[in-house]
Structure formats: structure tokens, C-alpha cells
Chemist: 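Shown below is the structure under consideration.
Worth saying up front: this structure is predicted, and the values here are computed from it rather than measured.
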Amino acid sequence: MNNNIFFETIKCEDYEVFNLEFHNKRVANTIAMNLNLQEYIYPVSNECLRCKVVYDESGILEVNYFPYKKREINRFKLVFCDDINYSKKYLDREKLDKLFMQKDSCDEIMIIKNGLLTDTSIANIAIYYDGHWITPTIPLLAGTTRARLLEEKFLIEKDISVEMLQNCEKIALMNAMIDFDIKKDFLLK
């Protein structure tokens, strides 16, 4: 597994690039190099695009654009895995992909590590519990949308047990492409 190649997924729409400040921060924290991603991103159309920036310690390796269509996610399978590490956005997602294959008839997985909720395979997560939006203290990956919402004090960090997850009022998925997507009707398996 090559852990030295990373990527950023960045939303582009109407030629606008979203949340760039937080993507720049994550790149700097990942490779200890300040890169201005704006210098590399030139959206190719006004449609909603997923921009994939691949990089390593030497700098930007490639930039690609893909039309984006949001997939509906409402059914989740809890997958327990105590040895997963995805603290940086590695290009190699083999372990996550293997976990995702356990989803059975569900749309997505929720990863439980050491008895606590971390993330899904494609997004950070928050639960609405006891009158607050709570996100895991230790996410699988510290996402850029999550970082922005924590900075804005919209989210609170707290350990989330399976019991809390099962008793929450609603959940939300968040990532660069979907922002903060609230799920009121969801199924946990």
C-alpha cells in the first residue's frame, strides 16, 4: 500500500470552487507544504463537478474533473473495525473499500472503532442528540466541511456510542460535495 499519495475532493459549480481555505489547510497538514490549490483548479464547465486533486510530498500530481450526481443514502450498516487508520486522505482506499463491501443491502456503512462511531466510508457524520449536532471526537478523517462547521460552532465534538446513535433524532452526512445533508428517515442495520 502506498501511503504517500493523497487526494482532495473539491466541489466546483458555476465555475466557483468551494471551501478552498479548508482544503489548503488539510494539504498543508498532510504534507507540511503550503500549496494554493486555486492555482491548479480551473473548472471546465458550470455544472456541478467533483474536482480530484492528487498530490504527494513533492506537490500536485494531477487534477481531474468529473460530473457529480449525489447518491441517495438512507440505509446504513454498522461495521466494526478497530484497526482502521485513515487519518490522512490517502489515494489508496483499499481497507475502506473492503469495509464498504460489507454493506449488504444497505446504501452505506457506518464505521465503529473501539466501540465509538467514527465516519461512513465517504463522509463525516453528525447526530442530532440532546438538542445539539454532535460529531465524533475522533473521526476516521478530519474532513473539510466538518472543520468549517466546527469552526463556525455549528457542531460539537463528542464521543458517540452505538447507543447514542440508535437513540438520536436524526443524522447528517457531510463532505465536500454534499455539504451538510440531514437524514431524518434513516435505517440502521
Chemist: What are the two closest heavy atoms between M33 and S58, and how far apart are they?
Modeler: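 Here M33 and S58 meet closest at CE-C, 4.1 Å.
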Chemist: Closer than 3.5 angstrom, by distance alone: can the side chain of R146 be matched with the main-chain N or O of P136 as a donor-acceptor pair?
Modeler: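 Looks like yes, one N/O pair under 3.5 Å.
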Chemist: Any chain of hydrophobic side-chain contacts (each under 4.5 Å) joining I10 to L61?
Modeler: yes
Chemist: Check whether any side-chain heavy atom of F66 lies under 4.5 Å from a side-chain heavy atom of K52, and answer yes or no.
Modeler: yes
Chemist: When you compare the side chains of N4 and D56, does any donor N or O come within less than 3.5 Å of an acceptor on the partner?
Modeler: no
Chemist: Check for a donor-acceptor pair, side chain of N46 on one end and backbone N or O of Y15 on the other, with a separation under 3.5 Å.
Modeler: no
Chemist: Quick one: list whatever passes salt bridge (Lys or Arg N to Asp or Glu O under 4.0 Å) with E47, sequence neighbours left out.
Modeler: none
Chemist: Is the backbone of S121 close enough, under 3.5 Å, to the side chain of R93 for a donor and an acceptor to pair up by distance?
Modeler: yes
Chemist: Considering residues at least two apart in sequence or located in another chain, which fulfil the ring-ring contact (aromatic ring centres under 6.0 Å, His included) criterion with Y128?
Modeler: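 Y128: ring-ring contact (aromatic ring centres under 6.0 Å, His included) contacts with W133.
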Chemist: Other residues, nucleotides and ligands only: do more than 12 of their heavy atoms fall within 6.0 Å of CD1 on I156?
Modeler: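 Atom CD1 in I156 is packed in, count exceeds 12.
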Chemist: Are the aromatic rings of Y90 and F7 close, with centres under 6.0 Å apart?
Modeler: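 Not under 6.0 Å, so no.
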Chemist: Could you tell me whether a side-chain N or O of D181 sits under 3.5 Å from a main-chain N or O of A172, the two making a donor and an acceptor?
Modeler: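 No: the side chain of D181 does not pair with the backbone of A172.
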Chemist: If only atom types and distance count, is the side chain of D104 paired as donor or acceptor with the main-chain N or O of C106 below 3.5 Å?
Modeler: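 A pair under 3.5 Å: no.
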Chemist: Just jot down the ring-ring contact (aromatic ring centres under 6.0 Å, His included) partners of Y65, sequence neighbours excluded, or say none.
Modeler: none
Chemist: Can you see whether T145 engages N175 through a side-chain donor-acceptor pair at a distance of less than 3.5 angstrom?
Modeler: no
Chemist: Indicate yes or no: at least one non-hydrogen side-chain atom of K189 is less than 4.5 angstrom from one of L78.
Modeler: no
Chemist: Keeping D92 on the side-chain end and E94 on the backbone end, is there a donor-acceptor pair under 3.5 Å?
Modeler: yes
Chemist: Could you tell me if E21 and N19 have a donor-acceptor pair between their side chains, going purely by distance under 3.5 Å?
Modeler: no
Chemist: Looking only at non-hydrogen atoms, find the nearest pair between N24 and L37 and report the distance.
Modeler: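 Taking every non-hydrogen atom into account, OD1-N, 2.9 Å.
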